[in-house]
Amino acid sequence: MNINILFLVLLWFCSNYTLVAQTLNIKNDRFWDTKNGEPIYSQGGGIFKFTDPNTNIGKYYWYGVQYNEAELYRNNPTVTQPNATFLSVTCYTSTDLVNWDSEKPVLTKEEINKHYSNTKWLGRLGVVYISVLKKYAMFIQHDDQVLITVSDSPIGPFKWHQRINMKAMIGTSNTGDQTVFTDEDTGISYLVYSYGNGRNKIYISEIGVKEGMVNLLDCTEVFRGAGREGNCMFKYNGKYYLFASNLYGWDSSYAYYLVADKIKGPYTPINKMLITPGCMDDYAHITQTGFFTSIKGSNQELVIYCGDRWADFAGNGLGYNQWFPITFDGETPYFNSLNSWDFDVSTGSWAVASDNDYVKNGSFEADRRHIPSPVKPIQEQLKGWTTLIYQGNTIVVGDDESPVLNYFNTEEDRKQVVGEKSLNISDNINFKRKVYQVIESNQFVKLEDGLYKLSAKIKNTSGFTKLNMYAESVNKQTFLPIIEPNAQWTAIEINDIHVLNGKVEIGFMAEGIANASCQIDDVCLVKNKNKF
């Protein structure tokens, strides 16, 4: 397309897309609904900007997969589902990224079964507009190959087009996770994907038409190193950012990244992905890298990290979609792990919401295994928390005498608390211990001075000479002693914690005899409304 024509098209799109200023809220750690109250089922997909063919209004189109188990887990999050059964590719449309309308399924299981009757996996997809064919093309991981479906409309129905065997291009027939990225400055779309075996290489291929069929036009290897999946990217301030996660299955991971001046690279650091600052205390708010979407507002461009939380298969909390603002320190992206945040779709500005929970890994779901863990990832402490041992067995990775710092909740536990895991305070000898987290302002997220409420749920046996929940700010401590055993999960809270100088320490202190046991879950710190 002529660059001048492309500019005019983009200018027209932006003018039709811009809305009046309005503050909208993103609330994580819960399941999302459409504006009509219907459940949103969208996993492993992406958001793309197209013009509505009926109204000529620019819209966001959010595509993803609905798995049978997503509905099962949403209705009963006490049971982690063992399988992923494809039902359909869903599509939701919006003009503001918060209020979504549900469209009919754009790709059905019936359409897939006409051509391939034994699908074991279908997911990781994205959609592009192929102007020369006047078609919308969806690229999808489909068992051991890449499936392309096409439609005359962005809301489908998408029909089978062809499957691509990737072996001639990269050496394996399949990709090892993929997303579609469209460069809005050029109008060119790309498939971003990893090597199918071991996932230790990442590639970028331009999407286009070959011999009359939608296909991949080339292949450029941009990374070779440690295995990575959840490959996705965005463009900001003229630079390309390539993101990926570790090979942790359904579980969460650090968000890794590379940066380049050109779409095909070179990406730096060469073959060594960096961990995104801000994601380390809770494995990117208990997500895997999914995709990005951007708002080019009148004041600034807002990049939104759209993480996948595969809770239906990992049991690691509530909600399948967790979105966060990305900020920048020069070229370095920063992950803002927030429970609730507001943004202005017109200006691109954002702020921490008044009801944000500031605790990192407060439901203890970031940790994949019993901690300390000698198994990948080798880990001594719980993510976001520090455990100090004053008396009792020392924390040692791989030592059978080491205390186990987390507890795996039973199905009965999960009727009262969130997710598979909780904090565990116990030992097989007499012990004295403190588990704490320091919460403080940083350059992007301010912990405002004022009054806060600290809450949690607790279950404990007898045998404790001291068991306190506490908060401390500017050397002033507030304690809540737990005096009696609690055979069932019990809600506890401390109100009117006075936070000053943008810093507070929260935690738990325990002194107990051998085999005394306490579990803690769903720890929250929220600012009291309308109080200093």
Side-chain angles (χ1 to χ4, degrees), residues 28-31 39 67-85 249-252 282-283 285-286 309-320 322 339 357 359 361-373 375 382-385 387 403-428 431 433 435 454-464 467-469 480-493 507-508 510 512-524:
N28 294 311
D29 305 304
R30 63 180 58 189
F31 296 106
Y67 299 100
N68 179 61
E69 293 76 13
E71 184 174 355
L72 296 176
Y73 183 81
R74 177 172 173 142
N75 291 335
N76 181 15
T78 69
V79 178
T80 303
Q81 298 297 316
N83 302 305
T85 308
W250 300 118
D251 290 296
S252 56
D282 54 7
Y283 280 135
H285 206 93
I286 313 171
R309 181 181 288 176
W310 299 94
D312 32 359
F313 312 120
N316 55 0
L318 303 181
Y320 303 127
Q322 316 288 325
N339 162 263
D357 172 15
V359 180
N361 194 23
S363 190
F364 304 96
E365 300 305 322
D367 305 289
R368 301 175 64 229
R369 304 177 184 277
H370 281 115
I371 304 299
S373 171
V375 184
L382 297 169
K383 282 294 172 188
W385 297 88
T387 297
V404 177
L405 303 183
N406 54 353
Y407 168 81
F408 279 34
N409 295 326
T410 66
E411 183 176 340
E412 190 62 30
D413 289 321
R414 290 167 68 179
K415 293 178 181 178
Q416 303 296 321
V417 295
V418 172
E420 289 188 341
K421 304 175 189 71
S422 54
L423 171 64
N424 186 54
I425 301 178
S426 185
D427 207 339
N428 58 15
F431 61 92
R433 188 181 307 176
V435 184
L454 176 64
S455 62
K457 292 181 179 178
I458 189 169
K459 183 175 69 170
N460 62 287
T461 67
S462 60
F464 285 93
L467 184 57
N468 294 330
M469 181 168 75
L480 175 68
I482 292 90
I483 307 299
E484 301 293 336
N486 292 284
Q488 303 297 322
W489 287 98
T490 302
I492 57 175
E493 63 181 41
F508 305 87
I513 64 174
N515 299 315
S517 175
C518 171
Q519 286 77 48
I520 298 165
D521 212 340
D522 300 342
V523 185
C524 300

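Values below: all heavy atoms of this structure, side chains included; hydrogens, waters and symmetry mates excluded.
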> For Ser462, what residues pass the side chain to side chain donor-acceptor pair (under 3.5 Å) criterion, not counting sequence neighbours?
none
> Can you sort out the partners of Asp413 under salt bridge (charged side-chain N to carboxylate O under 4.0 Å, His left out), two or more places apart, ordered by chain and number?
Lys459
> Could you work out, with side chain to side chain donor-acceptor pair (under 3.5 Å) as the rule, every residue matching Asn76, not counting sequence neighbours?
Thr78
> Listed by chain and number, what are the side chain to side chain donor-acceptor pair (under 3.5 Å) partners of Asp312, not counting sequence neighbours?
Gln43
> Salt bridge (charged side-chain N to carboxylate O under 4.0 Å, His left out) with Asp251: which residues, sequence neighbours excluded?
Arg368
> Apply side chain to side chain contact (heavy atoms under 4.5 Å, CB included) to Val418 and list each qualifying residue two or more places apart in sequence or on a separate chain.
Leu318, Ser363, Asp522
> Just jot down the side chain to side chain donor-acceptor pair (under 3.5 Å) partners of Gln81, sequence neighbours excluded, or say none.
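So Gln81 forms no side chain to side chain donor-acceptor pair (under 3.5 Å) with any residue.
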> Suppose we screen for salt bridge (charged side-chain N to carboxylate O under 4.0 Å, His left out). Which residues come up paired with Glu71, at least two apart in sequence or across chains?
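Partners of Glu71 under the salt bridge (charged side-chain N to carboxylate O under 4.0 Å, His left out) test: none.
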> According to ring pair (Phe, Tyr, Trp, His ring centres under 6.0 Å), who are the partners of Phe508, at least two apart in sequence or on a separate chain?
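Counting only residues at least two positions away or on another chain, Phe508 forms no ring pair (Phe, Tyr, Trp, His ring centres under 6.0 Å).
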> Only counting residues at least two apart or in another chain, list the ones meeting side chain to side chain contact (heavy atoms under 4.5 Å, CB included) with Thr387.
Gln381, Ile389, Ile395, Leu405, Arg433, Val435
> Going by the rule side chain to side chain contact (heavy atoms under 4.5 Å, CB included), which residues pair with Ile492 if we only count those two or more places apart in sequence or in a different chain?
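Here the qualifying residues are Ala456, Ile458, Met469, Leu480, Ile482.
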> Under the salt bridge (charged side-chain N to carboxylate O under 4.0 Å, His left out) rule, collect the residues that match up with Asp29, sequence neighbours excluded.
Arg309
